[in-house]
Amino acid sequence: MKSNGNTKLIVLHPSIHKHGGASHRLWLLFFVSFFTLAFILTLINTAVPATTTAASSAASGHSPLPHSAVEALLHYAAASNATGHMTAAEMASIAGVLRRCSSPCNFLIFGLTHETLLWKALNSNGRTIFLDESEFYIAKFEEKHPDIEAYDVQYTTKVSETSELIRSAKEQVRNECRPVQNLLFSDCKLGINDLPNHLYQVDWDVILVDGPRGYFPAAPGRMSAIFTAGVLARSKKAGSGKTHVFVHDMNRDVERICSNEFLCKENLVETKDLLGHFVVETMKPNSYSFCRNPTKSSSPSSSSS
C-alpha cells in the first residue's frame with residue numbers, strides 16, 4: 001500500500017510541476033509579446049505624427065517660386081499678343097515686390113485682366129483676391145480656373161463725375177470719407193462698402209488697381225478703387241507694416257488725379273511706363289488728412305484715353 005502510495009505521489013508530483021511550468025511560460029510569453037507589441041505601437045504612433053508634422057512644415061514652408069520660373073512667367077506674359085496687357089517693366093516691378101513680400105502675402109487686385117493668372121502664380125504661397133465689375137465675367141473665369149477667388153463690385157460712379165466725387169470726399173474727410181475706417185460701415189460715395197465682410201479685416205500687403213474700365217465718360221472709372229486702396233492701406237493693424245499700392249494707366253487723368261489725392265505724391269516711390277508704385281503707411285484712427293502736403297485737384301478731361 002505504501003509502495004503504491006509512493007508511486008502515485010511520484011507520478012502525480014511531476015505531472016503537477018510540468019503543468020504549472022508550462023502555464024507560467026505561457027503567461028510569460030504573453031506578457032513579453034504584449035509589451036513588445038505595445039512598444040512597437042508606441043514607436044509607430046510617435047513616428048507618424050512627427051513625419052506628418054515634418055511634411056506639413058515642408059509643405060507650409062512658403063518657399064517662393066524659383067527665380068527662373070518667375071522669369072519664364074514674366075517673359076511669356078509680356079510676349080503675349082493680347083491688347084491692353086502690361087509691359088515687361090511694369091510686370092517685373094510688381095513681381096519684385098511680391099517676391100520680397102513676407103509669406104503668406106495678401107494681394108488684392110482690382111480688375112480681372114490678361115495678367116490675372118500671372119499674379120495668382122507669383123503669389124502661390126499667399127492669398128490673392130480679385131475684384132471685378134462684371135459678375136458674368138467672374139463666373140466664366142472661375143469656371144475655367146476654379147482656384148481663383150474673385151468677387152464682383154457694383155460701382156455707382158462715372159468718369160464724368162470725378163471732380164464732384166473728389167470734392168464730396170474732401171468735404172467728408174472728417175466723417176464718412178476719413179482715411180482710417182472700416183469701409184463696411186461707410187457711406188462715402190467713393191468708398192466700396194459691399195465686399196464680403198471678411199475682406200475688410202485683411203491686412204493687405206500689396207494692392208493693384210487695374211480696373212474697372214475708365215476709358216470713356218460713362219465708365220465707372222477707378223476713383224473708388226484708388227480711394228478704397230488708400231483707406232485699406234492706412235487702416236491696417238498697428239505693426240502690420242506698409243502697403244505697396246500699384247496703379248496702372250497713370251497716363252489718364254482720373255488715375256493720376258485720384259492717386260495724387262488719396263495715395264499722395266510723397267508716397268510715390270517708382271514709375272514704370274504707365275504704372276505708379278506707392279508705399280503707404282498706416283495712420284492713427286484720428287487722422288483726417290490723406291496726404292501731408294495736399295495738392296489742388298485739377299479737373300479730369302472727359303476724353304481720357
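One-based numbering along the sequence shown.
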Exercise for review: Identify the two heavy atoms, one from Ser259 and one from Phe278, that lie closest to each other, and give their separation to 0.1 Å.
Suggested key: CB-CZ, 3.6 Å
Review point. Can you check side-chain contact (heavy atoms from CB on, under 4.5 Å) on Asn175 and Gln181, steps first, answer last?
Key: CA-CA 10 Å; Asn175 191 7; Gln181 61 171 308; over 6 Å; no
Exercise for review: State plainly whether the residues Lys242 and Glu281 are in salt-bridge range, i.e. N to O under 4.0 Å.
Suggested key: yes
**Study point:** Same cluster (ILVMFWY, side-chain, under 4.5 Å), Leu184 and Leu190
**Key:** yes
Review point. Would a 4.5 Å heavy-atom cut-off, applied to side chains only, mark Val280 and Phe262 as touching?
Key: no
**Study point:** Derivation and outcome, side-chain contact (heavy atoms from CB on, under 4.5 Å), residues Phe107 and Ile94
**Key:** CA-CA 11 Å; Phe107 188 16; Ile94 298 172; 4.1 Å; yes
Practice item. Look at the rings of Tyr137 and Phe141 and say which category their plane angle falls in: under 30° parallel, 30 to 60° tilted, over 60° perpendicular. Key: perpendicular
Review point. Considering all heavy atoms of both residues, which atom of Leu183 and which atom of Gly191 are nearest to each other, and what is their separation?
Key: CD2-CA, 4.2 Å
Review point. What heavy-atom pair brings Asp194 and Gln154 nearest, and what distance separates the two atoms?
Key: OD2-N, 3.5 Å
Review point. Who are the ring-ring contact (aromatic ring centres under 6.0 Å, His included) partners of Phe110, not counting sequence neighbours?
Key: none
Check your understanding: Are side-chain N/O atoms of Thr87 and Asp273 paired as donor and acceptor at under 3.5 Å?
Key -> yes
Check your understanding: Transitively linked via ILVMFWY side-chain contacts under 4.5 Å: Ile109 with Val279?
Key -> no
Check your understanding: Does any non-hydrogen side-chain atom of Thr282 lie less than 4.5 Å from one of Arg234?
Key -> no
Review point. With distance as the sole test, does Thr228 use its side chain to make a donor-acceptor pair with the main-chain N or O of Ala225 at under 3.5 Å?
Key: no
Review point. Any donor-acceptor pair under 3.5 Å linking the side chain of Glu133 with the backbone of Pro220?
Key: no
Practice item. Just say parallel, tilted or perpendicular for the rings of His114 and His85, cut-offs at 30° and 60°. Key: tilted
Exercise for review: Using a 4.5 Å cut-off on heavy atoms from C-beta on, say whether the side chain of Val173 contacts that of Pro179.
Suggested key: yes
Review point. Does the distance from a Lys or Arg side-chain N to an Asp or Glu carboxylate O, for Lys158 and Glu161, drop under 4.0 Å?
Key: no
Exercise for review: Could you check if a side-chain atom of Leu275 sits within less than 4.5 angstrom of a side-chain atom of Ser93, using non-hydrogen atoms only?
Suggested key: yes
Exercise for review: Measure the spacing between CE of Met86 and OG1 of Thr113 and express it to the nearest 0.5 Å.
Suggested key: 6.5 Å
**Study point:** Nearest-0.5 Å distance that lies between atom OG in Ser289 and atom CZ in Arg174
**Key:** 10.0 Å
Point to revise | side-chain contact (heavy atoms from CB on, under 4.5 Å) assessment of Val180 paired with Lys284 | key: CA-CA 7 Å; Val180 179; Lys284 295 180 180 179; over 6 Å; no
Practice item. Find out whether Arg252 and Tyr215 are in side-chain contact, i.e. whether some heavy atom of one side chain is under 4.5 Å from a heavy atom of the other. Key: yes
**Study point:** Working for side-chain contact (heavy atoms from CB on, under 4.5 Å), residues Trp204 and Ile129
**Key:** CA-CA 10 Å; Trp204 300 104; Ile129 305 294; 3.5 Å; yes
Practice item. For residues Asp147 and His145, determine if any side-chain heavy atom of one lies less than 4.5 Å from a side-chain heavy atom of the other. Key: yes
Review point. Roughly how far, to the nearest 0.5 Å, is CG of Asn293 from CG of Asn260?
Key: 12.0 Å
Review point. Any donor and acceptor pair, going by atom type alone, linking the side chain of Thr271 with main-chain N or O of Gly276 inside 3.5 Å?
Key: no
**Study point:** Polar side-chain atom of Glu270 near backbone of His277 as donor-acceptor pair, under 3.5 Å
**Key:** no
Exercise for review: Using the rule that two of Ile, Leu, Val, Met, Phe, Trp, Tyr join whenever any of their side-chain heavy atoms come within less than 4.5 Å, decide whether Phe185 and Leu232 are in one cluster.
Suggested key: yes
Review point. Is a side-chain donor or acceptor of Asp205 paired with a backbone partner of Cys105 at a separation under 3.5 angstrom?
Key: no
Review point. In this structure, are over 12 heavy atoms from other groups packed under 6.0 Å from Glu135 atom CD?
Key: no
Review point. If you measure from OG1 on Thr157 to CE on Met223, what distance do you get to the nearest 0.5 Å?
Key: 4.0 Å
Check your understanding: Should Leu263 and Phe290 count as side-chain neighbours, where that means a heavy-atom distance under 4.5 Å?
Key -> no
**Study point:** Residue pair Ala121 / Leu73: nearest heavy atoms and the distance that separates them
**Key:** CB-CD1, 4.0 Å
Check your understanding: Just how far is it from atom CZ of Arg127 to atom CG of Asn123, taken to the nearest 0.5 Å?
Key -> 11.5 Å
**Study point:** Connected via hydrophobic side-chain network under 4.5 Å: Tyr155 and Leu195
**Key:** yes
Study note, to complete from the structure: Smallest heavy-atom separation, Val206 atom then Val97 atom, equals CG2-CG1, 3.9 Å
**Study point:** Hydrophobic cluster membership, Val231 vs Met283, 4.5 Å side-chain cutoff
**Key:** no
**Study point:** Reported CD-to-CD distance for the pair Glu90 and Glu115, which is rounded to 0.5 angstrom
**Key:** 8.5 Å
Review point. Where is the tightest heavy-atom contact between Cys258 and Thr162, given as atom of each residue plus distance?
Key: SG-CG2, 4.3 Å
Check your understanding: Taking side chain as C-beta onward, heavy atoms only, is Val247 less than 4.5 Å from Arg222?
Key -> no
